[in-house]
Amino acid sequence: MPLEVPAVEERYVFAEIEEKWRRKWEEDGIYHVPDFSDRPKYYCLEMFPYPSGNLHMGHVRNYAIGDVVARFKTMRGYDVLHPMGWDAFGLPAENTAIKHGVPPAKWTWDNINTMRGQLKLLGVSYDWRREFATCHHGYYRWTQWLFLQLYHRGLAYKAKAPVNWCPSCTTVLANEQVVAGACERCKTVVERRELEQWFFRITAYADRLLADLKKLTGWPEKVKVMQENWIGRSEGAEIAFPIVGMDEQIRVFTTRPDTLGGVTYMAIAPEHPLGARVTAPEHRAAVGAFVERARRLSELDRTTGEHEKEGIFTGAYCVNPLNGEKVPIYIANYVLMEYGTGCVMGVPAHDQRDFEFARKYGLPVRVVIQPDGASLDGDTMPEAYTGPGRLVNTGEFNGLPNVEAIKKITQHLEAQGMGRYQVRYRLRDWLISRQRYWGAPIPIVYCDDCGAVPVPESALPVLLPENVAFKPTGKSPLLDLSAFVNTTCPTCGGPARRETDTMDTFMCSSWYYFRFTSPREENGPWDLDRVNRWLPVDQYIGGVEHAILHLLYSRFFTKFLYDAGLVKVEEPFTNLLTQGMVLKNGAKMSKSKGNVVSPEDILTRFGADTTRLFVLFAAPPERDLEWSDQGVEGCYRFLQRVWRLVTSVLEEIREAPDTPSGALVGVNRSMRRLTHQIIRKITVDIETRFNFNTAISAAMELVNGMYQFRDRIPAVDRDPAVMREAVEKLLLLLAPFAPFITDELWARCGHTTSIHREPWPEYDPEMLVEDQVEIVVQINGRVRDRMTVPADITPTEMQEAVLEQPRIRELVAGKEVKKVISVPGKLVNIVVR
RNA sequence: GCGGGCGUGGCGGAAUGGCAGACGCGCCAGACUUAGGAUCUGGUGGGGUCACCCGUGGAGGUUCAAGUCCUCUCGCCCGCACCA
């Protein structure tokens, strides 16, 4: 058979090839992107990692996906900003220090060096000149500077509030970092503590953060819905209920002012200070005991979700502003101090929670909304009615549809000065201070005379001292470091103490994407011209676990910076791709499950090209990916197949022009058609859908076709230019996926410059045209025959041709043809009876 | 409970309403080999009297035609969860 196959094929030695090109790319700086040029820009960013020690498969997947996008866009003619850095502050470094005595800085930098090496092994096309770590003072200086900007605009403030305390991490946490009542990092149940802490006023941006979600057409619906729920906008009214015998009111927030007439009790949260004030003397003991029990319960039970509603009567009453009725005041465990006003009006007939509470304590259930065609009875109804209807038992408002009554009653209350229209958000301010060492110090000093004073910008950075002893005391070592703590007041020059809390690391990651545009800028956090050139990020890629944390904080930061005139974008990330997890045996890889696959191991055994190819081929990016050792081998086999194919035809294509000329016929034409069809398929798959798995499968089809072309067609009948074109296009199409082997084979084809500087191949629409197509012939929707027809045949001609077919005539004989559907190029369906 | 997603061969996964299962893995057979866990070729959803029939979680429906659209239903995964 194929005499032209060399007797001794050179083997595909990935280790040598990858090593060689890694060095060459670095020497030539081919991934350096200029700050400015005439070419269109594209900012491709993957979420930068915490330097935990080693890359894991999730990182590999994340960065492989990003690299395909970056390389593809580069080939498409864009200047692609594709940077990498390190989210380098955080607890693990400090915990390791306490456990093993390694200084956090050393541990972190060692990890960064390891992981940088692993990323380079992977062959990701980063512009490494732009690398930075957030724990470097050249970076956190500007993190502190940004804190001051927030502070000066009243968006950073210190306040005493009930906060989430993780006893294991010995620090407070933001609401976003508490999941089901437990610490998002270590899963320890959090405690409530009343502490003075630093907050960012993210709530001031609640409306814009919500409204602008609509602009994010390139974000997954799922993430937008999660943010929408997290922000939690509700429209309603705040209503005042005067307390009987006191010169005070209970204020409640409700989304259903239309049910105001149905209020039969008032409920306030156990933590609410008002509870103790209104309680009648003879109830004090019982109420006190109840509150104590409820508080303890609520800490424990926060993890378990819904629990039995319980309450206790305070002996006090308030007055319904709508009808003047006296309403008993209860303290109830289902009322949340953190939401609304911490007080709720009880409308048992129209709220399921209130209904359950009322039935338990024998409180009246008064229907004030009657649905059309039904008649609810408060004494017998089995559950609350929350649907639409007309008002009853509400005096002048009777008969109104409840939707209208919401407005009317709100207006009525406004006129009486007893209420007003109000919008409430579930979102709370972002608590950013941490009682830990390894973070950016908050640039504030406390002076006995001047109070809290911001550190002047000229005095930044407030350096984090690095010669620090770590003891497992659970206290920040900064507290005992007099050289750090003792300072002078910037205002009066008197003695002062530094803030010893550091900032939440999410603060560091809320602005890093701006810094990549000018990573060494010393006159500001970034150079505005460069930020204007590159932002917004065109494509952001990372795990969905940051759907509300990092992504919401970053949106908030960007809006603040926009308002402060520091950037010109209002949203940081135009398109967001949330990649799925990497699973093994159906479960997320974890040490405890013992199903971890180490990237280093796979890279050593199969090389970067194979590793990348597998994580891209095994599933579409958004979906979870099931790890398969055999699947990896399959990808390795494919690359070997590519290697053998290309090296075996090098001789044959050496002298050939790179584009075939003249009218091709037969096998040469079909080979060329396949090449162009595959170019189109892969282009569409990458560009419009990020379906890298189907793009790779198309490349496999091209390779299969090329093997047939090589092995089944005698050499004399093959046009070497057709083969050359197929080889070169194949390499170009694979270049974003497998950058090493393609550059090597590209060089062997006689090219002297890197394949990664080449433009993406275009397909020739002319070449896609088939002259003959196979169509399907159906009878009553079932495939009964196939035939080959000219591609440009009209539906009528096609129909006639089909009916001439012997087999079809046979099958149709004696039956009435009711209808014939002719779809050009596809099928003919004959409907018979 | 609310919101989002997903159910297709032995497995990962493909299919603008138009041939279900592309591509890969695995498996079966053959070729070449001292050998092969290398490579190449062919086959591979189930049933069958070889006409065909049945098959995309299940039941209906729309359509000449449904994995795809509609209604109902079951199961799994993720997020939020007493939000007034």
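Keep in mind the model is a prediction, meaning the values are calculated, not measured. Only this structure's heavy atoms are used, side chains among them; waters, hydrogens and symmetry mates stay out. Order of the sequence lines sets the chain letters (A, B, ...), proteins ahead of strands, with each chain counted from 1.
Minimum atom distance to the side chain of A:Q708 is reached by B:rG42, of the listed B:rG18, B:rG42, B:rA84. Of the candidate nucleotides B:rC19, B:rA15, B:rC40, B:rA15 has the atom nearest to the side chain of A:T694. Closest to the A:K309 side chain, of the nucleotides B:rC80, B:rG18, B:rC82, is B:rC82. When distances run from any side-chain atom of A:N704 to the nucleotides B:rG18, B:rA84, B:rC23, the shortest one goes to B:rC23. Closest to the side chain of A:R641, out of B:rG18, B:rC40, B:rC82, is B:rC40. Taking the side chain of A:M700 as heavy atoms from C-beta on, and the options B:rC23, B:rG13, B:rG4, the nearest nucleotide is B:rC23. Taking every side-chain heavy atom of A:N691 into account, B:rA15 is the closest of B:rA15, B:rG13, B:rA84. Ranking B:rA81, B:rG18, B:rG4 by closeness to the A:W230 side chain, first place goes to B:rA81. Minimum atom distance to the side chain of A:K826 is reached by B:rU16, of the listed B:rC23, B:rC52, B:rU16. The nucleotide whose nearest atom lies closest to any side-chain atom of A:Y334 is, among B:rC82, B:rA22, B:rC25, B:rC82.
Rounded to an integer number of Å, the gap from CZ of A:R782 to P of B:rC53 is 5 Å. As rounded to whole Å, 12 Å separates atom P of B:rA66 from atom CG of A:N780. In this structure, A:E701 places its CD atom 11 Å from C1' of B:rG24, rounding to the nearest Å. Here B:rC82 presents its P atom at 20 Å from CD1 of A:I268, a figure rounded to the nearest Å. We find that CG of A:L552 is positioned 13 Å from P of B:rC80, with the value rounded to whole Å. If you measure from atom CZ of A:R784 to atom P of B:rC64, you get 19 Å, rounded to the nearest angstrom. Taking atom CZ of A:F606 as the reference point, atom P of B:rC25 lies 13 Å away to the nearest angstrom. Rounded to whole Å, the distance from CD on A:Q778 to P on B:rC64 is 13 Å.
Judged by Watson-Crick or G-U wobble contacts below 3.5 Å, the nucleotide B:rC80 has B:rG1 as its partner. Look at B:rG24: its Watson-Crick or wobble partner, with both distances under 3.5 angstrom, is B:rC11. Across all strands shown, B:rU16 remains unpaired; no Watson-Crick or G-U wobble contact has both distances below 3.5 Å. For B:rU62, there is no paired base (Watson-Crick or G-U wobble, both distances below 3.5 Å). Nucleotide B:rG48 forms a pair with no other nucleotide shown, judged by Watson-Crick or G-U wobble geometry with both contacts under 3.5 Å. Across all strands shown, B:rU56 remains unpaired; no Watson-Crick or G-U wobble contact has both distances below 3.5 Å. When Watson-Crick and G-U wobble pairs are counted only if both distances are under 3.5 Å, B:rU68 pairs with no nucleotide at all. In this structure, B:rU34 makes no Watson-Crick or G-U wobble pair, since no nucleotide meets both defining distances under 3.5 angstrom.
Comparing the P positions of B:rC72 and B:rG18 gives a spacing of 25 Å, expressed to the nearest Å. Taking atom C1' in both B:rA29 and B:rA15, one finds a spacing of 30 Å when rounded to whole Å. Between B:rU44 and B:rU33, the distance separating the two C1' atoms is 26 Å to the nearest Å. Across B:rU68 and B:rC80, the matching C1' atoms stand 31 Å from one another, rounded to whole Å. For the C1' atom pair drawn from B:rG45 and B:rA35, the interatomic distance equals 36 Å after rounding to whole Å. Rounded to a whole angstrom, the distance from the C1' atom of B:rU62 to that of B:rU71 is 11 Å. The same atom, P, is picked in B:rG21 and in B:rG10; the two are 15 Å apart, to the nearest Å. Distance noted for atom C1' between B:rA20 and B:rG7: 16 Å (whole Å).
For A:R623 and B:rA14, the shortest distance from a side-chain N or O to OP1 or OP2 is below 4.0 Å. When the side-chain nitrogen and oxygen atoms of A:R426 are compared with OP1 and OP2 of B:rA81, one or more of them lie within a distance under 4.0 Å. Dashed line: the shortest gap from a side-chain N or O of A:K222 to OP1 or OP2 of B:rG5 is not under 4.0 Å.
Ring centroids of A:F614 and A:F606 are separated by 6.0 Å or more, keeping the two rings apart.
Contact annotation for A:V831: backbone-only contact, meaning every heavy-atom pair under 4.0 Å involves sugar-phosphate atoms and none involves a base.
No donor-acceptor distance shorter than 3.5 angstrom exists from the side chain of A:T255 to the backbone of A:G236, with no hydrogens or angles considered.
To the nearest 0.5 Å, atom CD1 of residue A:I713 and atom OG of residue A:S670 are 8.0 Å apart. With values rounded to the nearest 0.5 angstrom, A:I686 atom CD1 is found 11.0 Å from A:K681 atom NZ.
A salt bridge links A:E238 to A:R424: one of the charged nitrogens lies within less than 4.0 Å of a carboxylate oxygen. Of the charged side-chain nitrogens involved, none lies within less than 4.0 Å of a carboxylate oxygen, so that A:K818 and A:E816 do not count as a salt-bridged pair.
Seen from the ring of A:Y707, A:R641 counts as a face-on cation partner, given the 6.0 Å and 45° thresholds.
Side-chain contact of A:T694 with A:R689: a donor-acceptor pair under 3.5 Å is present, judged by distance alone.
With its glycosidic angle more than 90° from 0, B:rG55 is assigned anti. Annotated as anti: B:rA20, whose O4'-C1'-N torsion sits more than 90° from 0.
Side-chain contact between A:N595 and A:K588: absent, with no pair of heavy atoms (C-beta onward) separated by less than 4.5 Å.
Evaluation of atom-type donor-acceptor distances gives no pair under 3.5 Å for the side chain of A:K818 against the base of B:rC64. Below the 3.5 angstrom threshold, one finds a donor paired with an acceptor across the side chain of A:R786 and the base of B:rC19. Taking only distance into account, the side chain of A:N229 never meets the base of B:rC80 through a donor-acceptor pair shorter than 3.5 Å.
Between A:C635 and A:G781, it is A:C635 whose nearest contact on RNA chain B lies nearer the 5' terminus.
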